[in-house]
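Presented below is the structure to which this report refers.
Lettering follows sequence order; numbering is per chain, from 1. These numbers were taken from a predicted model, which means no experiment stands behind them.
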Amino acid sequence: MSLSNQSPQTQENNPPPLEKKLNAKAIEAELYAFWEKAQLFAPKQPHTETNNNSESPETFSMVIPPPNVTGVLHMGHALDNTIQDILTRWHRMRGDVTLWMPGMDHAGIATQNVVEKQLKTRNLTKSDLGREKFVEETWQWSRARQADIATQFKRLGISPDWQRQRFTLDEGLSKAVRHAFVTLYNQGLIHQDTYIVNWCPRCTSAISDIETEYQDQDSFLWEIAYPVFNETSGQNTSPEFSYNPETVAGAKTDPLSPLVVATTRPETLLGDVAIAVHPDDSRYKAYIGQKVCVPLSNRPIPVITDPYVDSSFGTGVLKITPAHDPNDFKLAQTHRLDPIWVIDETGCLKKAEQIPQALQGLERFEARKQIEACLKENKQLISKTPHHHRVGQCQRCQTVIEPLLSKQWFVKTKPLAKQCLASLEAGEIRFIPERWTKDYVRWLSKIEDWCISRQLWWGHQIPAWHCKDCQGITVSLEEPETCTHCRSNEIYQDPDVLDTWFSSGLWPFSTMGWPDTTAPDYQRFYPTSVLVTGFDIIFFWVARMTMFAHALTGQSPFETVYIHGLIRDEKGQKMSKSKGNTIDPVELIEDVGCDGFRFSLTSLITYGGQDIKLSKDKVEQGRLFTTKLWNASRFVLMNIAPTEDNPSALPQVDALPINVDRESLSLMDRWILSSYHQTIQQANELLAQFKFGEYADLLLDFTWNNFCDWYVEFAKKQLQIPALQQNTQRILRDVLTGIHQLLHPVMPFVTEAVYQKIPAGPQEKAVSISVSAFPQADTQWIDTTLTQQMAIVLNVVKALRNSRQQYGISYQMPINAMVFTDSDEERQALTAGEDIVAYFVKLDALHIQPSETDVPKNSVIQVVGQCKVVVPLDGVIDVEKERSRLKKKRDDLKKEHTDLNARLNNVGFVERAPAAVVEKNRSRLSELDKQLLALESQLNTLT
RNA sequence: GGGUGCUUAGCUCAGUUUGUAGAGCGUCUCGUUUACACCGAGAGGGUCAGCGGUUCAAGUCCGUUAGCACCCACCA
């Protein structure tokens, strides 16, 4: 197909037919270019509309979760963005002023790691380049990546307003970051402090608590003897140190035996500043107030008590290393103990006086081995037993975290979290599915301060300047000339950068122009309507956004947070590069087409947000459906818009609406219109409720099972009847158009391709289906009585088809059929639908008769509702086969009859169940009576 | 140690107002009726993990047990 001459409206009158086979790849590229060129993704300007006194259009806005520049398009993005695109396209078609803001994240640590790795291949380190050059190099790299990622994302057919694309490190957003930092600092919500943090020795940076992932590991518990220090002699109680395990615990002899400490990290013992026991632990009463010697360095340290110590763990004796353990740090604070640093920022033992020469500079795990060996040699190692425990790892590089006491910047999160909880309480924000609310609340309720400084070069450098003279800090939007405290000009900017999530936390408003609150986008689109993301990012991102938004903009950044599940591999395992079980979305798009892929993904979404196990064959369904839709569209177009290739086709459909005079419409016409409008109604409801999977299923079902299998099939007949032809054409045109519009949010490409070829109906056609009006149900067409009538007709069709099949009666051979019923409703329905039955079952005639009429001998019967559906057979029927078939049917019905009877005889049921339910059961029972009677009498004749 | 989710047809899974179960794939049978064999028609297949409770009525609500998965937590 070709859209080269743009303005597709001008090209029709005689549009070429759709190609026989859909070339998905070709239309995807072509149509995406068309959309972009026509700037269809930009929010329409409400002011340009002529009648400004009509109800003002709603606004719908959403920001994309910015993908990392280091990443490639993966399944998670595919799902996340498909959902967002469905919402965006739906709202756009509804006429809302719709903005979907795209952009990317500079991904501090991840990006720096990648660029450093690249430098390494050139035998360079970042220090070789220096900060400025390194950052410049990283910028170059990230710009190229941004372009690549945008290209990849476009393969998904998504429709964000690319003109507005943002980057967390671009100028506007950097300004927002500085503004946020300064504001929060001035409010006392950001401060610098020396505190124990999670330190990654490989990244040589602090990371936050949630960037630390804990993993179970098999390790050991070492028990180490700390000899008692003799105050008067200034020495060990026993310089040669002979140790007798029997006398260790509970020893009350004088001199005291060494204290035995249990630890999982012997390499930190050189940094011990005290030993703690539980105050009530009778075993160690005699040691309290004494001093013991740190092994290998013989430094005396006090034995103190603290109820924190668990007497039942290990030996009940805890060593305190404040500089390298979070709990020890807290204990040291309460007991006013000064920390001793023994491990440096690269994870090696420091070159410090407290550390024996031989151990200085050793990598921490090597140091562990060496120290163990030394202790063994000194006979201070009492035992080493296997121990299973959790070890923190760096989220980005899996390096074991070293808790490290260091000077860092922190956000005081408790007051911020409080605002979020209040806002939740006030109903200003909701989660779908609701259960995530609990996690959100739990996390915010016990939140700790957030370490936001990173010892990296790639990121927003902290807008704080230190004074060399007075040590004061000046926090400012712009670089100050002098120190605000002492006017010294000996100042330098803090070298650290901010956590990436600091800038992402501002995303919903920084992208809209904040801190300029008069910016048009901020005014029109903030706060946003919905945020769509995965649960793995609720703490990292969602909660940070709500905290910052409340503190800085005074409102919740979005109304609804839609949380979807994770895409897993077919075994249910998380997809990861290291496991090699990832599926490339682009590959699937190549296989089944973007529309097929998106449809499949969407149909797999559940309202409960279950994880999705994906495999190649699961996306097949979408491909098949795309083909079906394509073929059905070809049929319709062939019959409403003849072409040069197809001169024998019907005259082109006129632009008139479907004849509103119902009487001129056939039963089939009215039925499909009723079903169509019902589908429209449901589709809108489902989308409004974020029920994407059901929306996909609904449309598949309507398109395939109602429109294609019944209406289109029957239209083949109606098109041959002059009196019905025009309405049939109009219905085909309008319902097909509607199907494509309803499906456009999920299948943007095929629907556009077909829409461009459909002749205009009563409404003028839009430039693109993506800005055409989403169908709204016209409820006057919805007719439940009609639906019931048609159900009777179709059930009779099915019964007759069954009979044909049972007896292998070829469809080449027309048959006669009889329906026996006393029900007026059924008789009317079948009279009205006789031609339908006749057409679908290849009938000569359908004879409708009262039920007492005798059934001809040698007949096949089926029971449907209150009808006996009978096909008289000329030949001899297989009596045995027929008997057993009927018997089985009879037995099934009997069982149902018995159950139903029992229920209706239950006084409780009749009295307490809603009347409608009771009535329903009654009528089913009477139906069963008739069916059983029919079956019994037939069985009796079969002898 | 807390918490959440899952257990429904051979497989993968839907099923938010309690009214006796659905889809896709697969299986079996039939069919080249010009939109579609990437199709059409028909069939078979489930004591909804176990146990207990509430209710006239439970896949659906409550409790409990088991298995699986995940999240959170400072026991050295």
Considering only side-chain heavy atoms of A/Y308, which listed nucleotide, B/rA35, B/rU20, B/rA76, is closest?
B/rA76
Within-4.5 Å side-chain heavy-atom neighbours: A/Q862 and A/K798:
no
Do the ring planes of A/F625 and A/W704 sit parallel (below 30°), tilted (30 to 60°) or perpendicular (above 60°)?
parallel
Rounded distance in Å between the P positions of B/rU55 and B/rA49
23 Å
On the nucleotide B/rG40, are OP1 or OP2 found under 4.0 Å from the side-chain N or O atoms that A/W704 carries?
yes
Of the listed nucleotides (B/rA14, B/rC36, B/rG19), which one gets closest to any side-chain atom of A/T606?
B/rA14
Respond yes when some side-chain nitrogen or oxygen of A/K716 is under 4.0 Å from OP1 or OP2 of B/rA35, and no when none is.
yes
Using the C1' atom in both, what is the distance from B/rC6 to B/rC13, to the nearest Å?
12 Å
Pick the C1' atom in B/rC71 and in B/rA57, then give their distance to the nearest Å.
37 Å
How long is the line joining CD1 of A/I447 and P of B/rC74, in whole Å?
14 Å
Considering every strand and a 4.0 Å limit on heavy-atom distances, what is the contact class for A/R442: base, sugar-phosphate, or nothing?
sugar-phosphate
Under 4.0 angstrom, heavy atoms only, what part of the nucleic acid is A/Y607 near: base, sugar-phosphate, or nothing?
base
Output the rounded distance in Å from CD1 (A/I605) to P (B/rG15).
12 Å
Which whole-number value in Å describes the distance from A/E448 CD to B/rA73 C1'?
12 Å
Residues A/K571 and A/D569 bridged, charged N to O under 4.0 Å:
no
Distance alone, cut at 3.5 Å: any donor-acceptor contact between the side chains of A/D272 and A/Y226?
yes
Just the rounded figure in Å: distance from C1' of B/rG40 to CG of A/L800.
17 Å
If I take atom CG in residue A/D310 and atom C1' in nucleotide B/rC75, what distance separates them, rounded to the nearest angstrom?
6 Å
Which of the following nucleotides, B/rA35, B/rC38, B/rA41, is nearest to the side chain of A/R801?
B/rA41
Assess whether a salt bridge exists between A/D891 and A/K887, defined as any Lys/Arg side-chain N lying under 4.0 Å from an Asp/Glu carboxylate O.
no
Would you say the side chain of A/E713 and the base of B/rA35 hold a donor-acceptor pair, judged only by whether the two atoms sit under 3.5 Å apart?
yes
Output field dot_bracket for RNA chain B (Watson-Crick or G-U, both distances under 3.5 Å, | for other-strand pairs) contains (((((((..((((.....[..)))).(((((.......))))).....(((((..]....))))))))))))....
Out of A/D591, A/V619, A/T602, which residue meets the side-chain contact (heavy atoms from CB on, under 4.5 Å) rule with A/F597?
A/V619
The side chain of A/Q610 is closest to which nucleotide in this list: B/rA14, B/rC74, B/rC39?
B/rA14
Between CZ of A/R265 and P of B/rA76 the distance, given in whole Å, is 12 Å
Per atom distances to the A/R634 side chain, the nearest of B/rA76, B/rG19, B/rA35 is B/rA35
How would you label the contact of A/K842 with the nucleic acid (heavy atoms, under 4.0 Å): base, sugar-phosphate, or nothing?
nothing
When you compare B/rG10 with B/rG26, how far apart are their C1' atoms, in angstrom units rounded to a whole number?
7 Å
The answer to which of A/K798 and A/V712 contacts RNA chain B further toward the 5' end, by nearest nucleotide, is A/V712
Quick check on B/rA43: is either OP1 or OP2 less than 4.0 Å from any side-chain nitrogen or oxygen of A/N802?
yes
P atoms of B/rG40 and B/rG63, separation to the nearest Å
46 Å
Euclidean distance for C1', B/rA43 against B/rU18 (whole angstrom):
32 Å
Is it true that, when you exclude A/Q215 itself, more than 12 heavy atoms of the residues, nucleotides or ligands shown sit nearer than 6.0 Å to its CD?
no
Nearest to side-chain heavy atoms of A/K628, which nucleotide of B/rA73, B/rU32, B/rA35:
B/rA35
Do the side-chain N or O atoms of A/K446 get closer than 4.0 angstrom to the phosphate oxygens (OP1, OP2) of B/rC72?
no
Under a 4.0 Å heavy-atom cut-off, which of residues 690-702 of chain A touch RNA chain B?
A/K691
Centroid distance below 5.5 Å plus an interplanar angle below 30 degrees: do A/W443 and B/rC72 meet both conditions?
no
Using atom P in both nucleotides, what's the gap between B/rG46 and B/rG22 to the nearest angstrom?
14 Å
What nucleic acid atoms does A/V907 come within less than 4.0 Å of, heavy atoms only: base, sugar-phosphate, or nothing?
nothing
Side chain of A/R435 only, please: which of B/rA41, B/rG5, B/rG19 is the nearest?
B/rG5
Rounded distance in Å - OH (A/Y839) to P (B/rA41)
13 Å
Please tell me which of A/R903 and A/N631 maps to the more 5' nucleotide of RNA chain B, matching each residue to the nucleotide holding its nearest heavy atom.
A/R903
Counting side-chain heavy atoms from C-beta on, which of B/rC71, B/rA76, B/rA41 comes nearest to A/Q805?
B/rA41
B/rU29 versus B/rU64 - spacing of their C1' atoms, nearest Å
47 Å
Need one value for A/D709: base, sugar-phosphate or nothing, where a base atom within 4.0 Å counts as base even if backbone is also close, heavy atoms only.
sugar-phosphate
A/S576 side, atom OG; A/K574 side, atom NZ - distance, nearest 0.5 Å
8.5 Å
If you take all heavy atoms of A/I224 and A/P266, which pair is closest and at what distance?
CD1-CB, 4.1 Å
Would you mind classifying the nucleic acid contact of A/G316 as base, sugar-phosphate or nothing, using non-hydrogen atoms under 4.0 angstrom?
base
Base, sugar-phosphate, or nothing for A/K21, non-hydrogen atoms under 4.0 angstrom?
base
So, does A/N795 use its side chain to make a donor-acceptor pair with the main chain of A/A791 at under 3.5 Å?
yes
Residue A/Y811, side-chain heavy atoms: nucleotide from B/rC38, B/rA76, B/rA41 that is nearest
B/rA41
Nearest heavy-atom approach of A/L375 to A/P295 is CD2-CB, 3.6 Å
Under a 4.0 Å threshold between the charged nitrogen and the carboxylate oxygen, would A/E570 count as salt-bridged to A/K618?
no
Measure CZ/A/F909 against P/B/rG19 and give the value in whole Å, please.
12 Å
Specify whether A/Y562 and A/F690 have parallel, tilted or perpendicular ring planes, treating 30° as the upper limit for parallel and 60° as the lower limit for perpendicular.
parallel
